[in-house]
Amino acid sequence: MAPTLADPFNDSSALIDFVINQGNGVKGLSELGLKALPKQYVQPLEERMCMTNIVPQGSIPIIDMSNWEDPNLAKSICDAASEWGFFQIVNHDVPVEVLENVKDATYNFFRLPAEVKNKYSKEHSSSNNVRFGTSFTPQAEKALEWKDYLSLFYVSEEEASALWPSVCREQVLDYMKKSKVVIKQLLQVLMKGLNVNEIDEAKESLLMGSMRTNLNYYPKCPNPELTVGVGRHSDVSTLTILLQDEIGGLFVRGNKGDDWIHVPPIKGSLVINVGDALQIMSNGRYRSVEHRVVANGSKNRISVPIFVNPRPVDMIGPLPELVANGEKPIYKQVLYSDYVKHFFRKAHDGKKTVEFAEL
Ligand SMILES: COc1cc(/C=C/C(=O)SCCNC(=O)CCNC(=O)[C@H](O)C(C)(C)COP(=O)(O)OP(=O)(O)OC[C@H]2O[C@@H](n3cnc4c(N)ncnc43)[C@H](O)[C@@H]2OP(=O)(O)O)ccc1O
Ligand SMILES: O=C(O)CCC(=O)C(=O)O
Ligand SMILES: [Fe+2]
């Protein structure tokens, strides 16, 4: 039974039961119309976004992909990946209707009744490759995050047909398929920037041998200033391709201390960011940069990241071509699935995951 407004989850086990065990998520909490944020979501002061730390005119690079032959384009991409770790691309080859369809599909998934979504939770899902969840790692977090998600790890079309929710399956598959062309273009340019001129099958598999798409749902929140949508983290991917809607709320750490730069929604654009795996493989030349999402007091927000990764069984470390050139490796070789498990088993903690691979 849903708690009444007069009894808003003082008892943590009632909140966990409603949000996690019954699969209502924060969307369910938001729809109860609570007047105040439950205490379990109140973040410590240092994790809340402080307006004075936002760079008012700051912007990450916006890169026009229409003229692929232009040598300046390759330079802009490599510079953005090493200086910012984040950029937006416009005039890329992923059709706008594919992006619109996957946004609609995201809403359609989260509109399903809690008991239907809950079939995909960690406890009930028939596979680890499909997971509906909330916050990040609720069992390890001191304060919860205001976000629900569906995470889909791609193995094959057959597995997707059997296991992924039908309400979003085709749209996510299409988004992943159409994004592959752009992903390959970006990786080719980024490798050239490291003087790695040939991407053979083995290298392609190391860079993009597995893909995971998350559908993120950030419902409107009472007291958004007290919590976060997603806490400070860097992705553990090679590259992340992120589709966001028109609401905004994603912030990237700037180059000076505690300054944060907003990533403004641009219709039809995709946000690209370097993940830890590429930072490690490039021996620190390309940077995975901390980012976070704020909660919104008046609007629901969605985003759809594709995490492009090595395969779980791959060993990752500085690429042999870089080390052969006499560069001193700053990271060791680690099994990628160990690296990802390390990330998933602790609460968001900024850039700390990379320490796992440091020499
Ligand atoms: C959710 O909010 C997020 C997510 C993110 C994500 C950023 C990324 O960069 S995702 C890309 C990660 N890369 C890959 O998925 C490719 C490689 N995959 C693997 O190595 C494996 O599939 C695996 C992820 C390690 C899972 O392998 P498995 O053998 O099934 O291991 P388990 O022991 O079951 O899981 C380990 C540990 O992780 C938790 N977990 C698993 N999957 C997810 C998931 N999709 N989302 C959240 N957590 C997950 C699992 O519960 C286990 O933890 P325990 O505590 O239960 O042991 C960025 C920011 C966000 O806010
Ligand atoms: O929702 C966003 O804009 C970013 C989400 C994110 O950082 C992630 O899922 O890793
Ligand atoms: Fe992220």
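Just so you know, ligand 1 is whichever comes first in the structure, and atom 1 is the first atom listed for that ligand.
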For [X], state whether at least one heavy atom is located under 4.0 Å from any atom of ligand 2.
X	answer
R292	no
Q244	no
H233	yes
N216	yes
Y149	no

Around [atom], find the nearest protein heavy atom and jot down its residue, atom name and distance.
atom	result
atom 28 (P) of ligand 1	N128 ND2, 3.9 Å
atom 6 (C) of ligand 1	F307 CZ, 3.5 Å
atom 3 (O) of ligand 2	R301 NH2, 2.8 Å
atom 27 (O) of ligand 1	K341 CE, 4.3 Å
atom 15 (O) of ligand 1	R212 NE, 2.8 Å
atom 39 (C) of ligand 1	F344 CB, 3.5 Å
atom 12 (C) of ligand 1	V236 CG2, 3.6 Å
atom 56 (O) of ligand 1	K122 NZ, 2.6 Å
atom 54 (P) of ligand 1	R345 NE, 3.8 Å

Is the backbone N or O of [Y] less than 3.5 Å from a side-chain atom of [X], with the two atoms forming a donor-acceptor pair by type?
X	Y	result
Q279	S288	yes
S82	C78	yes
S30	K220	yes

Checklist entry - Taking all non-hydrogen atoms of both residues, which atom of S179 and which atom of I306 are closest, and how far apart? => result OG-CD1, 3.6 Å

Checklist entry - Counting no waters, what protein N/O/S atoms lie under 2.8 Å from the Fe ion (ligand 3)? => result H233 NE2, D235 OD1, H291 NE2

Item to check | Structural part of N309 in contact with ligand 1, heavy atom criterion under 4.0 angstrom | outcome: side chain

Checklist entry - Where on H348 is there a heavy atom closer than 4.0 Å to ligand 1, on the side chain, on the backbone, on both, or on neither? => result side chain

Checklist entry - At the 4.0 Å heavy-atom cut-off, does K147 count as touching ligand 1? => result yes

Checklist entry - Does ligand 1 have an atom under 4.0 Å from some heavy atom of F343? => result yes

Item to check | Heavy-atom side-chain contact between T213 and W164 under 4.5 Å | outcome: no

Item to check | Side-chain heavy-atom pair E225, N223 within 4.5 angstrom cut-off | outcome: yes

Checklist entry - Does D235 approach ligand 2 within less than 4.0 angstrom via side chain, backbone, both or neither, non-hydrogen atoms only? => result side chain

Item to check | Ring centers of F136, F343 separated by less than 6.0 Å | outcome: yes

Item to check | Nearest option to atom 21 (C) of ligand 1, as decided by whichever heavy atom of S210, P312, P138 sits closest | outcome: P312

Item to check | Parallel, tilted or perpendicular, as decided by the 30° and 60° cut-offs, for the rings of W146 and Y41 | outcome: perpendicular

Checklist entry - Taking the six-membered ring for Trp, are F9 and F18 parallel (under 30°), tilted (30 to 60°) or perpendicular (over 60°)? => result tilted

Checklist entry - Does R232 pair with D349 as a salt bridge, N-O distance under 4.0 Å? => result no

Item to check | L242 neighbourhood, listing ligand 2 atoms whose heavy-atom distance to it stays under 4.0 Å | outcome: 2 (C), 3 (O), 4 (C)

